[in-house]
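Worksheet for the structure shown next.
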Amino acid sequence: MAGSCQPPRRRQGQAAHRHPPAGATIPRRMLDQLTAPVLGAIAAHLGTDPAALRPLLAPPAKGFAADIALPCFQPAKGAGKPPPALAAELAGVVNAAGLGATATAAGPFLNLSFAPAATAAALATPLAAAPAALRSGAGAGRRACIDFSSPNIAKHLAFHHIRSTMLGNSLARMYTAAGWSVTRINFLGDWGTAFGRLISGWTREGLTLDQLQAAPDQVTFLNELYVRASQAAKADPALEEDARRWSKKLEDGDAEARHLWQVFKDASLSEFKRVYGLLGVDFDSWKGEAYYEDKMGPVLAELEAKGLTSIDQGATIVDLPKLCGKAFKIPALLKRADGGTLYATRDLAASDDRFADFAFDRSLYVVDLGQSLHFQQWFAIAKLLGRPWAERVRHVGFGIVLMWNDEPGEGLEPGWAKGRTRNGKIMLLREVLEEAIERADAIIREKNPELPDAERAKVARAVGVGAVVFNDLKNGRTNDVKFKFEDALRFDGETGPYLQYAHARLCSIERKAGAAAVGDPALLAREDEKQVLLAIARLTAVLDRAVEADEPSILAQGLLTLAGAVSVWLSAGNKDHGARVLGDDAALTAARLILVRAARIHLAEGLRLLGLDAPERM
RNA sequence: GCACUCCUAGCUCAGCUGGAUAGAGCGCUGCCCUCCGAAGGCAGAGGUCGAUGGUUCGAAUCCAUCGGAGUGCGCCA
């Protein structure tokens with residue numbers, strides 16, 4: 001018993017969830033198709049299993065002109081030879097086999113180079129097949145619940161909400177692409193003492209529905225009401241008592257309280273959906289905290305019946321240090337001294353509900369790292385309860401948003417700070433997106449004046465929003481995101497617009513080419529063409545890694561590599577007209593159009609998986 | 001005090017299960033548009049990977065200790 005509910009130490013938690021993919025029907029690693037013959041020859045020579053060699057393959061070090069390298073340390077141990085000798089021996093074996101691959105021994109490493117034509121012959125046609133672009137069967141037959149965004153009613157979607165919202169959205173899309181069946185859940189903060197204050201303030205000020213609806217922004221209207229009400233309550237204990245009474249009435253199902261609660265919720269949701277629409281985000285479930293209000297009693301009763309709870313200073317707690325050992329320093333709080341329930345109980349009830357509805361194999365909570373302790377606590381309680389899903393839940397944490405502050409005040413250095421902008425205002429997500437769209441519009445107007453107004457408006461939305469979203473996803477999620485308006489809304493360098501631009505160039509070439517001819521991939525003999533092909537071929541493995549680590553940034557980095565290879569290839573045509581896709585040689589053009597298509601569909605799909613649009617012109 | 005996340009180039013960050021001479025973007029210095037889209041490409045300068053020990057044939061990567069930054073720690077979520 002002891003230790004069974006311990007929180008995962010460091011990264012062990014991830015490994016515990018890993019298990020072999022069920023029913024992988026789609027070819028998972030395109031690159032394997034290329035390396036298989038060579039690996040087979042080496043394995044036959046050594047008398048081992050090719051599958052044992054495959055995980056050893058690694059990218060070659062910079063400066064070695066090779067596509068992939070096999071470090072020979074481990075095989076050498078098996079063969080009883082020094083690694084450099086074995087590498088040399090294997091080089092001879094590969095070169096003699098005539099497989100379209102050149103092998104060079106560099107010390108203990110065996111460097112493998114594939115002839116561009118052989119690479120293209122093996123990979124180009126399958127990679128240009130649209131339905132398979134960025135698909136994997138790794139999650140086939142498995143179900144995932146993803147809990148993300150989760151804003152509070154009567155408050156704005158602040159800029160920092162972009163983190164949970166877009167990480168969750170991207171994870172939902174990536175899991176789906178990897179074969180999982182996904183349910184997207186928005187666990188609304190639609191319950192709590194704040195509503196008592198709101199209703200109290202509303203009735204005290206004698207506000208009406210008409211006044212709310214006439215407000216230019218209903219969430220702002222509610223938010224200001226809340227600020228007035230809580231300030232008034234702070235000054236006057238009678239008002240605080242009134243707020244508490246309304247909270248209780250709401251909990252007891254009082255008709256007037258319930259009605260106002262619904263009004264506040266509807267007003268907030270319509271505003272949220274505007275922003276979600278801008279971001280292209282949607283949900284399958286909007287069940288909020290209120291939904292679970294009458295479902296926590298049974299969970300508490302079960303905890304008590306199993307003797308897991310105790311009373312401390314009037315509050316109901318689970319004494320985790322006692323029950324789970326010294327991994328926990330403090331108990332988890334389930335119920336306030338005044339009888340009110342706390343959110344650990346609500347999360348337990350909600351997870352039971354989700355497991356009953358969806359029978360998930362994995363359940364993700366995309367919530368900032370500041371709540372790590374809370375997740376460790378209720379995950380541990382789930383184990384104590386013996387819940388079958390207790391090993392299937394994951395807290396997908398992320399770092400906070402820091403703003404640049406160059407006037408921090410007396411005696412403070414300019415620097416990165418949490419929270420507000422320099423004028424002390426909360427930055428709203430909608431305002432950031434709108435400014436990004438405006439900036440994108442101005443740039444497109446300058447760079448591509450021929451684009452019709454109507455199309456430019458749509459493209460500006462895709463580019464502006466894409467810049468902000470990609471800025472949030474391109475780096476590891478546990479990092480804090482540093483946001484500076486001027487930097488985040490620039491469109492050069494490693495940005496969303498860079499990826500979209502590479503995609504638009506490819507679309508432009510296809511447009512000019514007209515109907516796609518069926519070319520012979522073996523004509524793709526250039527080194528830069530091979531690099532594009534390899535970058536695409538690696539993406540299925542990249543997707544699998546991104547899903548297992550719950551890390552959209554892994555996919556983002558893979559797409560940057562692909563877009564870079566595409567840009568190098570297409571730019572080569574600026575100087576060398578023989579390198580162009582659209583040239584005099586019809587057969588060569590037809591072959592290169594296969595590669596254009598493969599790169600285009602992978603960039604478009606990759607961008608979609610991150611939550612960005614891929615316009616055909618920009 | 002305890003726990004968690006982190007420390008790689010002037011700045012912002014990559015670096016897959018430990019692998020060869022640690023990479024990219026921004027900024028800086030030079031180039032490349034009579035246009036397949038320059039929102040791009042090429043070249044250059046710039047790093048004892050926070051420190052010290054340890055494991056290993058091999059460590060930015062794993063372990064320990066120390067230093068620094070941020071976040072959290074019973075009646076908010």
Side-chain angles (χ1 to χ4, degrees), chain A residues 7 10 15 55-56 58-64 69 71 73 76-77 82-83 106-109 111 150 152 189 191-194 289 312-317 327-338 340 342-343 346-347 367-374 376 397-400 402 416 418 440 443-444 446-448 463 474-476 478-480 482 484 487 490-495 497-498 500-502 504-509 511-513 538 541-542 545 549 553-554 556-557 560-561 564 566-575 577 579-583 589 592 596 617-618:
Chain A
R10 305 201 170 239
L56 300 178
K62 178 87 177 175
F64 292 92
F73 302 99
K77 217 166 269 180
F109 293 87
N111 288 327
S150 311
N152 289 322
W191 205 245
T193 52
E289 294 170 351
D312 189 59
Q313 297 167 41
T316 305
I317 63 164
F328 286 95
K329 305 287 188 240
I330 53 170
L333 207 53
L334 294 180
K335 215 160 88 174
R336 282 188 257 130
D338 67 6
L342 273 346
Y343 75 138
R346 193 146 33 223
D347 276 329
V367 179
D368 71 275
L369 283 165
Q371 296 194 40
S372 299
L373 179 61
H374 165 247
Q376 282 181 12
F398 53 84
I400 59 176
L402 301 173
W416 297 105
K418 186 182 177 180
I443 293 175
I444 297 164
E446 179 199 330
K447 305 267 183 183
N448 192 355
V463 174
K474 76 172 165 184
N475 295 136
T478 56
N479 293 345
D480 291 341
K482 285 144 186 157
K484 202 175 185 178
D487 288 348
R490 304 178 4 177
F491 300 145
D492 54 350
E494 296 175 318
T495 63
Y498 174 78
Q500 291 169 322
Y501 181 73
R505 285 174 83 178
L506 293 165
C507 288
S508 172
I509 291 172
R511 241 184 343 262
K512 286 178 179 153
R538 291 191 241 264
V542 166
R545 266 200 293 136
S553 69
I554 292 176
Q557 297 292 333
L560 284 172
T561 304
V566 166
S567 293
V568 169
W569 177 43
L570 296 185
S571 298
N574 285 342
K575 290 291 283 279
H577 285 219
R580 295 189 182 189
V581 174
L582 306 176
T589 292
R592 287 176 177 166
V596 168
R617 292 192 281 190
M618 59 189 276

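Lettering follows sequence order; numbering is per chain, from 1.
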> How does RNA chain B read in dot-bracket, base by base from 5' to 3', with Watson-Crick or G-U pairs under 3.5 Å and | used when the partner is on another strand?
Replying inline: (((((((..((((.........)))).(((((.......))))).....(((((.......))))))))))))....
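Heavy atoms of A:Ser508 sit under 4.0 angstrom from at least one base atom. A:Pro59 comes within contact range of at least one nucleobase, with a heavy-atom separation under 4.0 Å. Within 4.0 Å (heavy atoms only), A:Ile444 reaches at least one base atom of the nucleic acid. At a threshold of 4.0 angstrom between heavy atoms, the contacts of A:Gln500 with the nucleic acid are absent. Among the protein residues, A:Asn111 comes within range of the nucleic acid bases, having at least one heavy atom under 4.0 Å from a base atom. Residue A:Ile509 is in base contact, counting any heavy-atom pair closer than 4.0 Å across all strands shown. Within 4.0 Å (heavy atoms only), A:Ala502 reaches no atom of the nucleic acid at all. Within 4.0 Å (heavy atoms only), A:Gly476 reaches sugar-phosphate atoms of the nucleic acid but no base atom. A:Tyr498 comes within 4.0 angstrom of sugar-phosphate atoms only, judged by non-hydrogen atoms across all strands, and of no base. Residue A:Gly107 is out of contact with every strand shown, counting any heavy-atom pair closer than 4.0 Å. Among the atoms of the strands shown, base atoms are found under 4.0 Å from some heavy atom of A:Leu570.
Along RNA chain B, the nucleotide nearest to A:Asn475 and the one nearest to A:Arg490 differ in position, and the one closer to the 5' end is contacted by A:Asn475. For the pair A:Val581 and A:Asp492, nearest-nucleotide mapping onto RNA chain B gives the more 5' position to A:Val581.
Its glycosidic angle being more than 90° from 0, B:C49 falls on the anti side.
Rounded to whole Å, atom P of B:U34 lies 11 Å from atom NZ of A:Lys575. Note: CD (A:Gln371) to C1' (B:A77) measures 6 Å, nearest angstrom. Rounded to a whole Å, the CD atom of A:Glu494 is 15 Å from the P atom of B:U12. Distance CG (A:Leu402) to P (B:A69): 15 Å, rounded to an integer number of Å. In this structure, A:Gln557 places its CD atom 10 Å from C1' of B:G25, rounding to the nearest Å. Straight-line distance from the CH2 atom of A:Trp191 to the C1' atom of B:C76: 16 Å, rounded to whole Å. Residue A:Gln376 contributes atom CD, which lies 17 Å from atom P of B:C2 at whole-angstrom precision. Following rounding to the nearest Å, A:Phe328 (CZ) and B:C73 (P) show an atom-to-atom distance of 16 Å.
Distance noted for atom C1' between B:G40 and B:U48: 36 Å (whole Å). Comparing the P positions of B:A9 and B:U65 gives an interatomic distance of 26 Å, to the nearest angstrom. One C1' atom belongs to B:A69, the other to B:A59, and the distance between them is 24 Å to the nearest Å. The same atom, P, is picked in B:A43 and in B:A24; the two are 9 Å apart, to the nearest Å. If you take atom C1' in B:G47 and the same atom in B:G23, they sit 11 Å apart, rounded to whole Å. Taking the P atoms as reference points, B:G25 lies 7 Å from B:G41, given to the whole Å. B:U12 and B:C7 are spaced 12 Å apart, taking the P atom of each and rounding to whole Å.
Looking at residues two or more places apart in sequence or on another chain, you find no side chain to side chain donor-acceptor pair (under 3.5 Å) involving A:Arg505.
Of the side-chain N and O atoms in A:Lys482, one or more sit less than 4.0 angstrom from OP1 or OP2 of B:C13. For the OP1/OP2 pair of B:G41 and a distance below 4.0 Å, the side-chain nitrogens and oxygens of A:Ser571 include no atom meeting the criterion. Taking 4.0 angstrom as the limit, A:Thr478 places a side-chain polar atom (N or O) nearer than this to OP1 or OP2 of B:C6.
Among B:A77, B:A39, B:G41, the nucleotide with an atom closest to any side-chain atom of A:Val568 is B:G41. For A:Pro60, whose side chain is taken as the heavy atoms from C-beta onward, the closest listed nucleotide among B:A20, B:G37, B:A14 is B:A20. Considering only side-chain atoms of A:Asn479, the nucleotide from B:C16, B:G41, B:C13 that sits closest is B:C13. Of the candidates B:A39, B:U71, B:G74, the closest approach to any side-chain atom of A:Ile400 belongs to B:U71. In the set B:C57, B:A39, B:C36, the nucleotide with an atom closest to the side chain of A:Lys512 is B:C36. Listed candidates were B:A39, B:C35, B:C73. Nearest to the side chain of A:Asn574 is B:C35. Checking B:A77, B:C6, B:C36 against the side-chain heavy atoms of A:Arg580 singles out B:C36 as nearest. Among the nucleotides B:G27, B:A14, B:G37, the one closest to any side-chain atom of A:Asn448 is B:G37.
Ring pair A:Tyr343/A:His374 is parallel by interplanar angle, where below 30° counts as parallel and above 60° as perpendicular.
Considering CG of A:Asp480 and CG of A:Asp368, their distance stands at 10.0 Å, rounded to 0.5 Å.
Put simply, A:Phe73 rests on the base of B:G19: the two rings are less than 5.5 Å apart at their centres and nearly parallel, under 30°.
The base of B:A77 sits with one of its N or O atoms less than 3.5 Å from a complementary donor or acceptor on the side chain of A:Tyr343. Contact of A:Ser567 with B:G40 (side chain to base): no donor-acceptor pair of N or O atoms is detected under 3.5 Å.
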